[in-house]
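Within every chain, numbering begins at 1; the chains are lettered A, B, ... in the order of the sequence lines, protein sequences first and strands thereafter. Treat the numbers as computed from the prediction; the structure is a model and nothing was measured.
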Amino acid sequence: MSDADSNAATPATTTTATTTTTIAQPPAVTKTPVKETKRWADMEDEESKNTLSASSSEVNIDNLKIDEEKKINSFLDEAEDSNIKAVISGETPYTSAKTFEELELRAELIKGLYVEMRFQKPSKIQAISLPMILTPPHKDLIAQAHNGSGKTTCFVLGMLSRVDPQLKAPQAICICPTRELAIQNLEVLLKMGKYSGISSECAIPMDSTNYIPINKRPPVSAQIVIGTPGTIKKWMSAKKLGVSNVKILVFDEADHMLAEDGFKDDSLRIKKDIDRSSPHCQVLLFSATFNETVKNFVSKIVKDYNQLFVKKEDLSLASVKQYKVYCPDEMTKIKIIKERIFDLGENIGQRIIFVRTRNSASMLHKQLVDDGYAVTTIQGANTPEVRDKIIKEFKDGLTQVLITTDLLARGFDQQQVNLVINYDLPIKYDTQEPDYEVYLHRIGRAGRFGRKGAVFNLICGDRDEATMRKIELYFQSEVTVVNNSEEDFEKALKQSGLLE
DNA sequence: AAAAAAT
């Protein structure tokens with residue numbers, strides 16, 4: 001199942017909200033009728049009369065709701081507006097796409113969206129970003145949107161649309177931080193592009209049974225390549241992946257791909273090589289998080305670009321309730337996992353337990369298995385075969401509880417996960433400060449596309465308490481204390497909508 | 001320290 005799959009589950013209310021663009025049927029909540037969609041360039045002109053003079057302008061989509069009431073037309077009128085702000089470069093006009101038809105996609109792609117993906121209409125980030133991606137002159141894009149809101153569809157559809165089906169050469173490349181994410185994204189692409197006839201290939205380390213030495217590999221002829229930095233770099237330097245026809249380059253989890261302590265060097269190297277032989281390549285940067293430092297940096301590596309972003313205070317998912325449990329010692333943590341997360345949580349779907357190190361992953365795994373609990377564990381030290389197997393079992397629903405390092409913190413899309421446990425809180429290695437971005441990504445593994453979910457943070461000691469407090473402050477989010485008792489856990493699970 | 005290439 002993919003990120004984008006969840007579109008099918010869009011609540012019916014949002015469907016009606018977008019179609020009420022006629023004067024005859026104004027939405028009940030709106031005081032004035034909505035008339036027609038407005039082009040972004042018009043918006044920009046009006047904005048710039050008052051406040052802005054530069055070539056780019058900021059459009060607050062929330063303000064547009066107010067404008068709407070002032071009888072100024074709006075291009076976005078969804079019920080669950082999620083506070084995405086747009087900064088548009090230059091004169092190019094964009095109209096938010098209320099339907100996939102408006103995007104003028106090839107018929108085979110429309111069929112893939114409806115028949116395979118079972119989508120009804122674009123999600124908010126899709127509605128805004130797809131016109132930006134697909135409209136010439138194909139500007140670069142920095143796009144931030146909430147976890148589980150359908151970002152994958154944006155760039156997968158972007159790649160499928162922009163590829164020339166007649167040209168049998170690599171034309172689109174997508175770089176991801178982990179093997180698991182590359183595979184997941186390729187699966188979405190295969191599904192969405194089922195009728196398109198467009199070929200694709202995954203550039204990740206092969207498992208030992210399929211291993212072919214690089215010099216014996218044929219050159220890549222696939223039109224879309226999705227992979228991890230090391231393998232892509234390797235294929236390029238071995239001249240097996242030609243990039244002279246590449247016209248779209250995607251960085252998934254872009255903030256991490258371009259962070260100093262992430263994959264910055266690899267990413268820049270790949271981008272530079274593509275720039276050299278394909279200077280007009282469009283670059284798309286997608287993530288749920290862009291902290292100020294990395295935002296400043298990424299805006300330097302793209303040229304003429306549009307931008308979508310979300311304030312950090314608006315980033316926590318309202319549908320995922322956050323809790324904290326004070327634990328006097330480490331043994332209590334394990335006890336909570338056994339008695340509450342396993343025993344009590346038996347009927348509430350799949351659960352992911354995040355730990356900080358590979359070592360604690362193994363320790364916790366052993367503690368649980370020795371006591372007869374059914375759990376699997378994944379971490380980077382596992383072989384590709386083991387990793388693939390553990391993920392497949394979990395995605396097939398054969399396992400219910402998965403222990404993981406931050407390997408799965410980002411992007412992993414499994415709709416049946418509705419409970420996330422932070423066995424350890426995420427902290428930055430160098431400064432010991434909270435890792436806010438990782439925290440947000442972890443809890444985003446629950447509550448995919450608006451589903452209900454909960455996260456339990458296990459707090460042990462003063463440092464954990466301080467870390468938790470800073471995280472609450474940073475996102476302005478409420479984290480409720482839960483006492484370590486069956487009643488209180490049950491209450492919390494009911495409150496978050498996971499128990500009847 | 002998590003992640004990512006192999007050999």
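- The side chain of T178(A) places no N or O atom within less than 4.0 Å of a non-bridging phosphate oxygen (OP1 or OP2) of dA4(B).
- Atom-to-atom, CG of N359(A) to C1' of dA2(B) comes out at 13 Å; the value is rounded to the nearest Å.
- Using a 4.0 Å heavy-atom distance criterion, D261(A) is classed as a base contact.
- Within the structure, a side-chain polar atom (N or O) of T228(A) is placed less than 4.0 Å from OP1 or OP2 of dA5(B).
- If you measure from atom CZ of R358(A) to atom P of dA1(B), you get 10 Å, rounded to the nearest angstrom.
- One interatomic measurement links the two molecules: CZ of F412(A) to P of dA2(B), which rounds to 20 Å at whole-angstrom precision.
- One atom, CD1 of I175(A), and another, C1' of dA4(B), lie 12 Å apart when rounded to the nearest Å.
- For the pair I204(A) CD1 and dA3(B) P, the computed distance is 16 Å after rounding to whole Å.
- Partners of R410(A) under the salt bridge (charged side-chain N to carboxylate O under 4.0 Å, His left out) rule, at least two apart in sequence or in another chain, are E253(A), D255(A).
- Rounded to an integer number of Å, the gap from D265(A) CG to dA5(B) P is 15 Å.
- For the 3.5 Å distance criterion, the side chains of Y439(A) and N457(A) qualify, holding a donor opposite an acceptor.
- Note: CE (M257(A)) to P (dA2(B)) measures 19 Å, nearest angstrom.
- For K240(A) and dA5(B), the NZ to P distance is 19 Å, given to the nearest whole Å.
- Taking the charged nitrogens against the carboxylate oxygens, E292(A) and K311(A) have no contact shorter than 4.0 Å, which rules out a salt bridge.
- The phosphate of dA6(B) has OP1 or OP2 within less than 4.0 Å of a side-chain N or O from K234(A).
- Under the 6.0 Å distance and 45° angle rule, K324(A) does not count as a cation-pi partner of F456(A).
- For P205(A), whose side chain is taken as the heavy atoms from C-beta onward, the closest listed nucleotide among dA4(B), dA1(B), dA5(B) is dA5(B).
- Annotation: salt bridge (charged side-chain N to carboxylate O under 4.0 Å, His left out) contacts of D252(A) (sequence neighbours excluded): none.
- When the side-chain nitrogen and oxygen atoms of R387(A) are compared with OP1 and OP2 of dA4(B), one or more of them lie within a distance under 4.0 Å.
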